[in-house]
K.L.:
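Structure below; questions to follow.
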Amino acid sequence: MTTQINLKTGGGSNISPHLKACSMNNLGHETRMITLFPEKNAFIEKPPYSVIEIPTRFKNWLMLQIKIFFVLKKYENICDAFVFEGEHFIWGAGLYRALKGKNPVLMHLNGPIFSIYEHGSTYNAENLIKKSLKTRISSRLRILFEKNIGLNWANHIDIFTADSPLIKDWHEKFGFKAKIIVLPAFVDLEPFFQKNNSNCDLLKDKINLLYVGRLVKEKGVDTLLSAVEELADKERVVVRIAGNGPEKHNLETQTKNLKLENNVIFYPWSDKNTINNLYHCADIFVHPARWAEPLGLTVIEAMASGLPVIVPEISGSSWAAGEGGLTFKNGDAKDLKEKIEKLIKNENLRKDLAEKAKERAKQFDYRNSIKKLEDIIKDII
């Protein structure tokens, strides 16, 4: 079960459940995908698994949990196990098991539950958005629910998988009792391992930095721009920013204010071939997230493309990068600038990290996780 499957413009949370369903189908298992917001579904071609579309007219988190409970009761007689993608299903799935729902539940955690996120351990913004009194009360009530009621429900779930050790650690400290196995989101890296025939001749006299991802505050692209503005030799640097999001206008304004128009190029989110071209035309991939990014699939794609990466030190991205990159202090533009300069000045270091990054990325290709996922499902059944 997932919220939606958008294979045209969706990110990793759309692609991962699709690849999991396809993989289980290929192993001979019958797979059905339940989507709760089917109006957002977008397939490139007909998937090999059946899709059950259940429209959800409300988006209130508590009502969603109640709906999940009844959906599971409705479909429990036609399957052997329920596999969930995303922590937003956790309380409804836990209630189902707590009330003796007969099918085992596997829950994949690709991010923190609300209480962990709101506690501040995952996000360190300089200027937090001011919340209305209504929002503050709602947030407080949700945290009280998750700690005093929801956690008990969640502890009836049979097993969890998590994108990274960081997510595993967060939830274990919160009080999750069920076993949590680190099993990163499924991602197809084959297209990125194979260098395409991109024409990058016009870029040879520049150091090309690349960011790919959503343009939202927590991703810290503004930190990247501030770091580039402080570079001693910024005339040599081109920053390519590929993505869409609510922060795009602010980032374009910041670019003008910092007089970086000759250094920064914005690209809209596009198809994988176009993104692949950008990866293979870059020299360094920068993931400037100020929050503790749970994993960072674009970091892994960049590594598979043979790029050294710079990632925040408190994040799943730093675990993913391993010896294939450098880390900087979350949200610290000065530290990020120093790490960028270190790679600009040392071509041998860039090459060494690039080789290690590509080797490290191999273990994240979904084909290396199929059997492990199947074994986990068989064990809980």
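In what follows, residues are counted from 1 in the order of the sequence shown.
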K.L.:
If you count heavy atoms of other groups shown closer than 6.0 angstrom to NZ of Lys329, is the number above 12?
P.N.:
no
K.L.:
Mind running salt bridge (charged side-chain N to carboxylate O under 4.0 Å, His left out) on Arg236 and Asp205 for me, showing each step along the way?
P.N.:
CA-CA 7 Å; Arg236 290 184 59 207; Asp205 60 336; over 6 Å; no
K.L.:
In terms of ring plane angle, is the pair Phe176 and Trp91 parallel, tilted or perpendicular, where the classes change at 30° and 60°?
P.N.:
perpendicular
K.L.:
What residue pairs, at least two apart or across chains, pass ring-ring contact (aromatic ring centres under 6.0 Å, His included) with a residue in residues 16-41?
P.N.:
His18-Tyr49
K.L.:
Less than 4.5 Å apart, any side-chain heavy atom of Asn103 and any of Tyr96?
P.N.:
yes
K.L.:
Hey, what's the ring geometry for Tyr211 with His287, parallel, tilted or perpendicular (30° and 60° as the breaks)?
P.N.:
parallel
K.L.:
Below 4.0 angstrom, N of the basic side chain to O of the carboxylate: do Glu190 and Arg367 qualify?
P.N.:
yes
K.L.:
Closer than 3.5 angstrom, by distance alone: can the side chain of Lys234 be matched with the main-chain N or O of Glu229 as a donor-acceptor pair?
P.N.:
yes
K.L.:
Assess, by modelled atom type and distance only, whether the side chains of Ser132 and Thr135 contain a donor and an acceptor separated by less than 3.5 Å.
P.N.:
yes
K.L.:
Is a donor on one side and an acceptor on the other found under 3.5 Å between the side chain of Thr3 and the backbone of Leu36?
P.N.:
no
K.L.:
Is it the case that atom CD in Glu313 sees more than 12 heavy atoms from other parts of the structure closer than 6.0 Å?
P.N.:
yes
K.L.:
Closest heavy-atom contact between Pro294 and Ser164?
P.N.:
O-OG, 2.7 Å
K.L.:
Nearest 0.5 Å, please: how far is CG in Leu72 from CG in Leu99?
P.N.:
11.5 Å
K.L.:
Do the side chain of Ser23 and the main chain of Leu19 share a donor and acceptor less than 3.5 angstrom apart?
P.N.:
yes
K.L.:
If a pair satisfies ring-ring contact (aromatic ring centres under 6.0 Å, His included) and one of its residues is in residues 296-315, list it, with sequence neighbours excluded.
P.N.:
none
K.L.:
Checking Asn208 side chain against Asp283 main chain: does a donor-acceptor pair fall under 3.5 Å?
P.N.:
no
K.L.:
Is there a continuous path of hydrophobic side-chain contacts, each under 4.5 Å between heavy atoms, that joins Val239 to Val216?
P.N.:
no
K.L.:
May I ask you to say whether Asp158 pairs ionically with Arg97, meaning some side-chain N is under 4.0 Å from a carboxylate O?
P.N.:
yes
K.L.:
Are Trp153 and Phe69 an aromatic pair, judged by ring center distance below 6.0 Å?
P.N.:
no
K.L.:
Please find the pair of heavy atoms, one from Asn330 and one from Ala289, that lie closest to each other, and give the distance.
P.N.:
ND2-O, 4.2 Å
K.L.:
Please check: side-chain N/O of Glu341 versus main-chain N/O of Ala232, any donor-acceptor pairing under 3.5 Å?
P.N.:
yes
K.L.:
Distance only, no hydrogens: is a donor on one side chain within 3.5 Å (strictly under) of an acceptor on the other, for Asn244 and Arg214?
P.N.:
no
K.L.:
Surrounding CZ of Phe193 (heavy atoms of other residues, nucleotides or ligands, distance under 6.0 Å), is the total greater than 12?
P.N.:
yes
K.L.:
What is the distance from atom NZ of Lys20 to atom NE2 of His108, rounded to the nearest 0.5 Å?
P.N.:
4.5 Å
K.L.:
Using only atom types and a distance under 3.5 Å, with no angle test, would you say the side chain of Asn41 pairs donor to acceptor with the backbone of Ile5?
P.N.:
yes
K.L.:
Indicate whether the side chain of Ser13 and that of Asn110 have a donor and an acceptor atom separated by less than 3.5 Å.
P.N.:
no
K.L.:
Cation over ring, Lys339 on Phe328, under 6.0 Å and within 45°?
P.N.:
no
K.L.:
Apply salt bridge (charged side-chain N to carboxylate O under 4.0 Å, His left out) to residues Glu355 and Lys351 and explain how you reach the verdict.
P.N.:
CA-CA 6 Å; Glu355 291 176 5; Lys351 290 180 179 178; over 6 Å; no
K.L.:
Going only through I, L, V, M, F, W and Y residues with side-chain contacts under 4.5 Å, is there a path from Ile380 to Leu95?
P.N.:
no
K.L.:
Quick one: does Asp169's side chain have a donor or acceptor within less than 3.5 Å of a partner on Pro165's backbone?
P.N.:
no
K.L.:
Measure from the side-chain N and O atoms of Glu87 to the backbone N and O of Gly111, and report whether any donor-acceptor pair falls under 3.5 Å.
P.N.:
yes
K.L.:
Does atom CZ (Arg140) have a neighbourhood of more than 12 heavy atoms from anything else shown, all under 6.0 Å?
P.N.:
no
K.L.:
Say you draw a straight line from NZ of Lys362 to CG of Asp365; how long is it, rounded to the nearest 0.5 Å?
P.N.:
11.0 Å
K.L.:
Apply side chain to side chain contact (heavy atoms under 4.5 Å, CB included) to Leu189 and Val187, showing your working.
P.N.:
CA-CA 6 Å; Leu189 294 176; Val187 56; 3.9 Å; yes
K.L.:
Would you please test Thr274 and Asn276 for side chain to side chain contact (heavy atoms under 4.5 Å, CB included) and show each step?
P.N.:
CA-CA 5 Å; Thr274 301; Asn276 199 347; over 6 Å; no
K.L.:
Are the side chain of Asp163 and the backbone of Pro184 linked by a donor-acceptor contact shorter than 3.5 Å?
P.N.:
no
K.L.:
Would you say the side-chain atoms of Ser315 and Glu293 include a donor-acceptor pair closer than 3.5 Å?
P.N.:
no
K.L.:
Under the criterion ring-ring contact (aromatic ring centres under 6.0 Å, His included), I'd like the reasoning laid out for Phe364 against Trp319: C-alpha separation, chi angles, the key distance, then a yes or no.
P.N.:
CA-CA 12 Å; Phe364 290 98; Trp319 166 74; 5.5 Å; yes
K.L.:
Would a distance-only check, ignoring hydrogens and angles, find a side-chain to backbone donor-acceptor pair under 3.5 Å from Arg240 to Leu210?
P.N.:
no
K.L.:
State the OH-CD1 distance between Tyr267 and Ile275, to the nearest 0.5 angstrom.
P.N.:
10.0 Å
K.L.:
Using the salt bridge (charged side-chain N to carboxylate O under 4.0 Å, His left out) rule, take Lys378 and Glu374 through it: C-alpha gap first, then chi angles, then the decisive distance, then the call.
P.N.:
CA-CA 6 Å; Lys378 283 183 175 179; Glu374 183 189 39; 3.6 Å; yes
K.L.:
Nearest 0.5 angstrom please: Leu297 CG to Phe186 CZ, how far?
P.N.:
12.5 Å
K.L.:
List the atom of Ala154, the atom of Phe160, and the distance in Å for their closest heavy-atom pair.
P.N.:
O-CZ, 3.9 Å
K.L.:
Run Lys73 and Glu76 through salt bridge (charged side-chain N to carboxylate O under 4.0 Å, His left out) and show every step you take.
P.N.:
CA-CA 5 Å; Lys73 292 298 293 182; Glu76 68 178 359; 3.3 Å; yes
K.L.:
Rounded to the nearest 0.5 Å, what's the gap from CG on Leu141 to OG on Ser138? Could you check?
P.N.:
6.5 Å
K.L.:
Quick one: are Met1 and Phe89 in side-chain contact, heavy atoms under 4.5 Å?
P.N.:
yes
K.L.:
Testing Ile376, Leu106, Thr31 for side chain to side chain contact (heavy atoms under 4.5 Å, CB included) with Val83, which one passes?
P.N.:
Leu106
K.L.:
Parallel under 30°, tilted from 30 to 60°, perpendicular over 60°: which one fits the rings of Tyr279 and Phe192?
P.N.:
perpendicular
K.L.:
How about Lys102: does its NZ atom have over 12 heavy atoms from other parts shown lying under 6.0 Å from it?
P.N.:
yes
K.L.:
In residues 250-257, what donor-acceptor pairs under 3.5 Å come from side-chain atoms, sequence neighbours left out?
P.N.:
{"residue": "Asn250", "atom": "ND2", "partner": "Glu247", "partner atom": "OE1", "Å": "3.4"}
{"residue": "Asn250", "atom": "ND2", "partner": "Glu247", "partner atom": "OE2", "Å": "3.4"}
{"residue": "Thr253", "atom": "OG1", "partner": "His249", "partner atom": "O", "Å": "3.0"}
{"residue": "Gln254", "atom": "NE2", "partner": "Asp222", "partner atom": "O", "Å": "3.1"}
{"residue": "Gln254", "atom": "NE2", "partner": "Ser226", "partner atom": "OG", "Å": "3.2"}
{"residue": "Thr255", "atom": "OG1", "partner": "Leu251", "partner atom": "O", "Å": "2.8"}
{"residue": "Asn257", "atom": "ND2", "partner": "Thr253", "partner atom": "O", "Å": "3.4"}

K.L.:
Check this for me: Gln363, atom CD, are more than 12 non-hydrogen atoms of other residues, nucleotides or ligands nearer than 6.0 Å?
P.N.:
yes
